[in-house]
Number of protein chains: 4
Amino acid sequence: MAGTSETRTRPGRAALLTAARRTFSSKGYDGASIRDIAQEAGLSLSALYYYFPSKQDALLELICSTFDDFLGSAHAILQESGEDARSQLDALIRFIVRFRIANREGSRVLLRETERLDPERLEIARARQIASNELIKGVVLRGVEQGHFRTPYPEEAVRAVVSFCNSLPLWYREDGRLSPAQLEERYTHFAFRLLEAEPETSCRPGAASPGAVRT
Amino acid sequence: MAGTSETRTRPGRAALLTAARRTFSSKGYDGASIRDIAQEAGLSLSALYYYFPSKQDALLELICSTFDDFLGSAHAILQESGEDARSQLDALIRFIVRFRIANREGSRVLLRETERLDPERLEIARARQIASNELIKGVVLRGVEQGHFRTPYPEEAVRAVVSFCNSLPLWYREDGRLSPAQLEERYTHFAFRLLEAEPETSCRPGAASPGAVRT
Amino acid sequence: MAGTSETRTRPGRAALLTAARRTFSSKGYDGASIRDIAQEAGLSLSALYYYFPSKQDALLELICSTFDDFLGSAHAILQESGEDARSQLDALIRFIVRFRIANREGSRVLLRETERLDPERLEIARARQIASNELIKGVVLRGVEQGHFRTPYPEEAVRAVVSFCNSLPLWYREDGRLSPAQLEERYTHFAFRLLEAEPETSCRPGAASPGAVRT
Amino acid sequence: MAGTSETRTRPGRAALLTAARRTFSSKGYDGASIRDIAQEAGLSLSALYYYFPSKQDALLELICSTFDDFLGSAHAILQESGEDARSQLDALIRFIVRFRIANREGSRVLLRETERLDPERLEIARARQIASNELIKGVVLRGVEQGHFRTPYPEEAVRAVVSFCNSLPLWYREDGRLSPAQLEERYTHFAFRLLEAEPETSCRPGAASPGAVRT
DNA sequence: TATGAATGAGAGTTCATTCAT
DNA sequence: TATGAATGAACTCTCATTCAT
């Protein structure tokens, strides 16, 4: 949703964001120069300053828009997946896996370069980071309350689950051994095991939802 | 014991390595300037170039020595922990947790800045990275063969376990809620759950070994 | 006329080249810093890097453009000076003297700093150096074949003649005892003596052509 | 003479001078670093400062000792070669050719790097440079007075002769086409032609003096 | 007679950024 | 909607030099 009209009306801006995403992702924020980005976008050096006040602002925009895409879709998915924390977790993990794979570069930037924001901008991004974490934490804690997840360490378990999901953009390759759908399968499996979901109903009944990533 | 004699005989070099570790860890390789490092070490800018041919070489030394410390201790620990893959995994996870906590900054550099090495140096570090990954993979796969770990996805499970262990240096704080010993406990617990260790003997019988980190 | 449009359209670049010429000429390539050059040009340090990829490239440009000016004019002059090797040599020596005096700084750079070019760039400059040497060698050898120059050592004689012509930029001063026209006279005289031009017609009939240097 | 006892008693100093000569000759004074020289000499960086107060002083020593070798031998040769300016010139040119070939590197440094000396030291070297120039100028002017050299431009002719002799170290190679003895022959020939020595006795009667260079 | 350790100054180069057009 | 020209600050790295040993 985000950026649609913008993409149509301001192709330069979109090209720069895409270029910044790719460049920050591969070289890191500090290792990527404005020149690198402009060249990747096929624009001039000064073009970036027409669309963004500064390099920091480009990074902030990138991070926030990625967070917003993530949060928007995640909320929608949770609302569609019923009351049971197990089905919610199932849907959520599957979405995270899809998102981290489809938005690999954006996720890398978000996960590794957020701390390069200056304090003022960091605060803005941090709010979304927290919202994002609370989302999954909420689901798990509800599942624990409901008695569906029996792990004795819910807080740390959440962190562990999030950790292995977030490691996806660091190693995933399109030409790899496993398809996104297979990875969805495995990562939900791992999450349920780690949270010690109750055996009989632990595995979500339905099949994998290999649908396109919601963005 | 690595670096003992060096620390005594070449204090400048050791100070620089410590400063580089701290600075690379907090600012990233590209965000850390030689001046930052020298200042942190209390030496002049040029001192770094007396001991290291280049910034890249300082990074490589840092990464390799951290890998070597890790690998050296990990091998020793595996040899001391019997034949059973379960006790080996228990010892290994506990060691990794201790190591990632005790060598938080070195681990951050190793985990996040290795890819900043130029191709030639990257190859040198990559060899250790592979050795390190094979170590834990070996234990898990043996456990699967022995029938102790029943996960249907051993390869990906290893990655997941490694991922959540490696996330420790990203958030751990000395003034945090949990002690290293408690974290050892939780992370081994998670690992065994995720690998679906057989129930009756799954949890290692003995208590946590809160001993100092072996390095 | 080289550089006219460039001079008009890119005054910064022209100012930098002039400054580089003067600075390399007086301090040598290695003794001249980028800061020296920029200051001489009245521009900032970084301006040089807007117009030239590197200090080496500025040197290369300087050397090649001087060579090209020299070769362009020299060819034109040879074509205007008839078939007789004696009149050709006369015109050529007179031109060289004028050129070395008028382009004193460029010539100093070309003659003394070419060997500071890195191998790759050296090759580019060397091609022009060879062309330049072949030009005068051709005239002399033709004169020897025609029987006009009777030196028993034509090859070395060429080198000697070129040597004393090229020494001009090392000592010539505008406030010196001799005018460029007088120097033309003497150096052609020397060249004809050294090559042992046949007596009766040895001295070129016409008067010295004190015209401006062709460039 | 020079350096004999010194060479025996202070091998480090001699090694450094040789290394400095070679390095300054190939890279130029400003292009040669103290490290380059020390490495070439197989000594440590600081060794140079044990023997020489500074890089400038090493250059001065090199230039002066080369000048002194040259002047000492040249004076001796002039005294042995009779009263006739022609035989004196013959002997002198032959010596210069031999010296420039045998002391190729020292000559290159002397001829091209003297101007890198700071004002104070430049004065010291300049005195020898002038003495050196006066030497050959004296011979030529005497020859002109005696009526043996009939060039109408004695002053400039001297410069021309010196120029082509001094160009020797710039191109001479041991594996070249011509032997030192042959070059002696040609360069004296050129000098006599250029100075317009009287025909009948112009060529020095005796054979070439193939003796080793006097140093 | 030499060297290892260290440094301040300065090298070439790149940086993010500005501004007139 | 963009860009070419330019810059000050900072970068990595090398320099000549010093000094305790």
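What you see below is based on every heavy atom in this structure, not just the backbone, and it leaves out hydrogens, waters and symmetry mates. Each chain gets a letter, A, B and so on, in the order the sequences are listed, and its residues count up from 1.
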Rounded distance in Å - CG (C:L43) to P (F:dA5): 12 Å
Ignoring hydrogens and geometry beyond distance, is a side-chain donor-acceptor pair present between B:S54 and B:D57 at under 3.5 Å? yes
Tell me: CG of D:D118 to P of F:dA16, nearest whole Å? 15 Å
For atom CG of B:L48 and atom C1' of E:dA5, their distance in whole Å: 14 Å
Distance-minimising heavy-atom pair for C:Q56 and C:L117: OE1-CA, 3.5 Å
Starting from P on F:dT17, measure out to OH on D:Y51 and report it in whole angstrom. 18 Å
Can you list the residues that meet the ring pair (Phe, Tyr, Trp, His ring centres under 6.0 Å) rule with A:F70, with sequence neighbours excluded? A:F95, A:F99
Would you list the protein and nucleotides 13-16 of chain E atom pairs, both N or O, that sit under 3.5 Å from each other?
{"residue": "E:dT13", "atom": "OP2", "partner": "C:Y49", "partner atom": "OH", "Å": "2.4"}
{"residue": "E:dT13", "atom": "OP2", "partner": "C:K55", "partner atom": "N", "Å": "2.9"}
{"residue": "E:dT13", "atom": "O5'", "partner": "C:Y49", "partner atom": "OH", "Å": "3.1"}
{"residue": "E:dA16", "atom": "OP1", "partner": "A:A32", "partner atom": "O", "Å": "3.3"}
{"residue": "E:dA16", "atom": "OP1", "partner": "A:K55", "partner atom": "NZ", "Å": "2.8"}
{"residue": "E:dA16", "atom": "OP2", "partner": "A:I34", "partner atom": "N", "Å": "2.8"}
{"residue": "E:dA16", "atom": "N7", "partner": "A:R35", "partner atom": "NH1", "Å": "3.3"}
{"residue": "E:dA16", "atom": "N6", "partner": "A:R35", "partner atom": "NH2", "Å": "3.3"}

Taking only side-chain N and O atoms of A:Y50, does any of them lie within less than 4.0 angstrom of OP1 or OP2 on F:dA2? no
To the nearest angstrom, the NZ-C1' distance between C:K27 and E:dG10 comes to 12 Å
Rounded off to whole Å, could you give me the CD1-to-P distance for the C:I37 and E:dG10 pair? 17 Å
Please name all residues satisfying side-chain contact (heavy atoms from CB on, under 4.5 Å) with D:Q39, sequence neighbours left out, ordered by chain then number. none
How long is the line joining CD of B:Q39 and C1' of F:dT12, in whole Å? 17 Å
Residues in side-chain contact (heavy atoms from CB on, under 4.5 Å) contact with C:A32, at least two apart in sequence or another chain: C:T23, C:F24, C:K27
Classify D:F52 by what it touches in the nucleic acid, base, sugar-phosphate, or nothing, heavy-atom distance under 4.0 Å. nothing
Please determine if D:E115 and C:R112 form a salt bridge, counting it only when a charged side-chain N lies under 4.0 Å from a carboxylate O. yes
Answer yes when B:R13 and B:E61 have at least one side-chain N-carboxylate O distance shorter than 4.0 Å, and no when they do not. yes
Between A:S25 and A:V109, the two heavy atoms sitting closest are N-CG2, 3.7 Å
Round to the nearest Å and state the distance from B:R13 atom CZ to E:dG4 atom C1'. 14 Å
What stems, by residue range, does DNA chain F take part in, given at least 3 consecutive Watson-Crick or G-U pairs under 3.5 Å? E:2-21 with F:2-21
Suppose we screen for side chain to side chain donor-acceptor pair (under 3.5 Å). Which residues come up paired with A:R104, at least two apart in sequence or across chains? none
